[in-house]
Colleague: 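Below is a structure I'd like to ask you about.
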Amino acid sequence: MVNNMPLKQQAIQLTAPDELVFNNNKSVHPPGPYQLLCSIEAVGLCFSDLKLLKQFSAHPRKKSIKSGIDLNILDEIPSYAPDELPTVPGHEAVVRIEAVGANVAEFSPGERYLVQTDYRWLPTDGSNASFGYDFEGGLQEYVLMDTRIITSPEGESMLIPASSDVSASAIALVEPWACVENSYASKERIKLDVNGKMLIVSDIDLDHSILEELFAKYGSPSKIFVLAEKKINSIYDFKYIDSLYSIPDNSINDIIYFGSNAQVAESLFPKLGARGLINLVQCGSQYGRKVKTPIGRVHYGGIRIIGTTGFNPSESMNYIPLTGEIRQGEKINVIGAGGPMGMMHVIRNICQGVSNISVYASDLNTERLEVLKKIAAPLAKERNVLFTAYNPKDDNISDSFSYSALMVPVAALVSQEIESIDKKGIINIFAGIPAQIIADLDIDKYIEKKLYFIGTSGSVLEDMKAVLYKVESAKQLDTNLSVAAISGLDGAIEGIRAVEHQLIAGKIIVYPSCKGMGLITLDKLADYLPGVADKLSDGLWTKDAEDALLKHFSS
């Protein structure tokens, strides 16, 4: 026993692809000199857990850490579970410290924290280390964390102090809400990468003044490769190449293509690196057919696509938005709004305080829409926001939209939105279309309408702090509005399968201390725990309900 901690605990472990195990006898490890032993107060189940569930060791965040730390330290951490080792999923967690190691001065037992999942300074093959992936997560009673892992090179901890005045569920749900926040608040790159590499491909006799104007306004990259029939008379030091074969894939930060050959455009996308920008300058012509576009890389690789029908690349640079934030007067269409993340997008935009907006919620599941309407409609009325929920199979919505947020990872929906969205519209590809997916898109129309794809993956510390402030201090956001069901670890596997099959409209919160509790949707709560159900507010989860639940299972 360490500080009255048990030697064994209950946990949900992922042992192989699609193999979840309820372990009633998992060891509780005492903290080493630089470690923390934390109890898990609550953890949310997430659609992203399914990607780990299906891929297991093939998931890039489940792979071994390559650098960023003395790798010998990893041997000292029992909760490090890379590659084929069983892991504990669950990354939407709030923890309370139970014991600390001898060399830990910045944390003390009894303190409560929200967990930031991503350790972005610890690269793996294709991603980075993460809580709930190659480090054990929250679907257990206790978790061991190492301060050498959870502290960034800048000295920032990935444990964010949390108030005890707010429910554990509300704090745990800050993580998914922060992912939503990041998709709107993440800053877009509105300049060229002056420390990066640029590739210019031109099918025309290029006027050097156009490039000089571009570089004067948006910065000059440190190395510029040019593939063109004629050399450009310029003051800049260009490196001319004979073919694209000399340019490695994923190596270029900025690409400009002057021309309208679809095959050439398609050949340029693989050269674009992570968070790269491609500027398609059509020079008065069109591609004339759909262009094979790596649409999955918008979300997972952070690539951006802009263009102009004219000759000047500065024109397309000029319409890049500062962020993905909704704008005044926006007509927003959330597609797949009835699911947990869609519900968050709807509520977030209604509560954002942007004037004169309309929020439309689209879903093919009428039951999920009814649940959403019960939550969102009163909020919209209170904030003077026009809210409309509709099923596209049954309801004829003639309105056009200026902003689309896609909750469904289907490339065909992106193509559909290019056709229907207004000029200068933003298409937020929130759902993670797999990075390898190539879609045939009408890039002619995309450029003509000056559309902009945006997509982000995960969140950063600032996003979580911003959402936590909205929950704790500003009282601007109640993350509990998205809770649809609760469970102990006994029902967590059923809960994960419910997420997989989209059986529940809203988030599932797991309370590891509630031993013996299965999965219970809030609408059935009175049948199992009437004393807890009495504390709901119009059927919605509250701190009073959580307090009653924890009291029931502690007695």
Colleague: Specify the closest pair of heavy atoms between I504 and A485, including all atoms of both residues, with the distance to one decimal.
Modeller: CD1-CB, 4.1 Å
Colleague: Of all the heavy-atom pairs spanning S169 and Y511, show the shortest one and how long it is.
Modeller: CB-OH, 3.4 Å
Colleague: In this structure, are over 12 heavy atoms from other groups packed under 6.0 Å from D70 atom CG?
Modeller: yes
Colleague: D146: what forms a salt bridge (Lys or Arg N to Asp or Glu O under 4.0 Å) with it, not counting sequence neighbours?
Modeller: R148
Colleague: Could you tell me whether E141 and K26 make a salt bridge, using a distance below 4.0 angstrom between a side-chain N and a carboxylate O?
Modeller: no
Colleague: With a 4.0 Å cut-off on N to O distance, would you call K54 and D18 a salt bridge?
Modeller: yes
Colleague: State, without any angle test, whether S57 and K63 hold a side-chain donor-acceptor pair at a distance under 3.5 Å.
Modeller: no
Colleague: Is it the case that the side chains of K465 and Q116 hold a donor-acceptor pair, with the cut-off being a distance below 3.5 Å and no angle test?
Modeller: no
Colleague: Does K8 have more than 12 heavy atoms from other residues, nucleotides or ligands lying within 6.0 Å of its NZ?
Modeller: yes
Colleague: With no hydrogens and no angle check, is any side-chain donor or acceptor of H299 less than 3.5 Å from a backbone partner on I429?
Modeller: yes
Colleague: Closest heavy-atom contact between N391 and L364?
Modeller: ND2-O, 3.1 Å
Colleague: So does K524 have more than 12 non-hydrogen atoms from other groups sitting under 6.0 Å from NZ?
Modeller: no
Colleague: Grab the two heavy atoms, one from A405 and one from Y184, that are nearest each other, plus how far apart they are.
Modeller: CB-OH, 4.1 Å
Colleague: Against R61, only a single residue in D118, D134, D125 fulfils salt bridge (charged side-chain N to carboxylate O under 4.0 Å, His left out); can you say which?
Modeller: D118
Colleague: Surrounding CG of N384 (heavy atoms of other residues, nucleotides or ligands, distance under 6.0 Å), is the total greater than 12?
Modeller: no
Colleague: I'd like to know if K543 pairs up with E546 as an ion pair, taking the criterion as any Lys NZ or Arg NE/NH1/NH2 lying under 4.0 Å from an Asp or Glu carboxylate oxygen.
Modeller: no
Colleague: Are H29 and Y142 close enough that their ring centers fall under 6.0 Å?
Modeller: no
Colleague: So Y80 and F135, would you call those rings parallel, tilted or perpendicular, with 30° and 60° as cut-offs?
Modeller: tilted
Colleague: Any salt bridge linking R497 with E500? Criterion: basic side-chain nitrogen under 4.0 Å from a carboxylate oxygen.
Modeller: yes
Colleague: Does a salt bridge link K187 with E462, judged by any charged N lying under 4.0 Å from a carboxylate O?
Modeller: no
Colleague: Output yes when a side-chain donor or acceptor of S186 lies under 3.5 Å from a complementary backbone atom of S183, and no otherwise.
Modeller: no
Colleague: Closest approach of V100 and P109, non-hydrogen atoms and distance?
Modeller: CG1-CD, 4.3 Å
Colleague: Ignoring hydrogens and geometry beyond distance, is a side-chain donor-acceptor pair present between D523 and T521 at under 3.5 Å?
Modeller: yes
Colleague: Testing the 3.5 Å rule here: is there a donor-acceptor pair between the side chains of E472 and S163?
Modeller: no
Colleague: Provide the closest heavy-atom pair for A361 versus A337 in the form atom of the first, atom of the second, distance.
Modeller: CB-CB, 3.5 Å
Colleague: Ignoring hydrogens and angles, tell me if any N or O in the side chain of T87 forms a donor-acceptor pair with the backbone of Y133 under 3.5 Å.
Modeller: yes
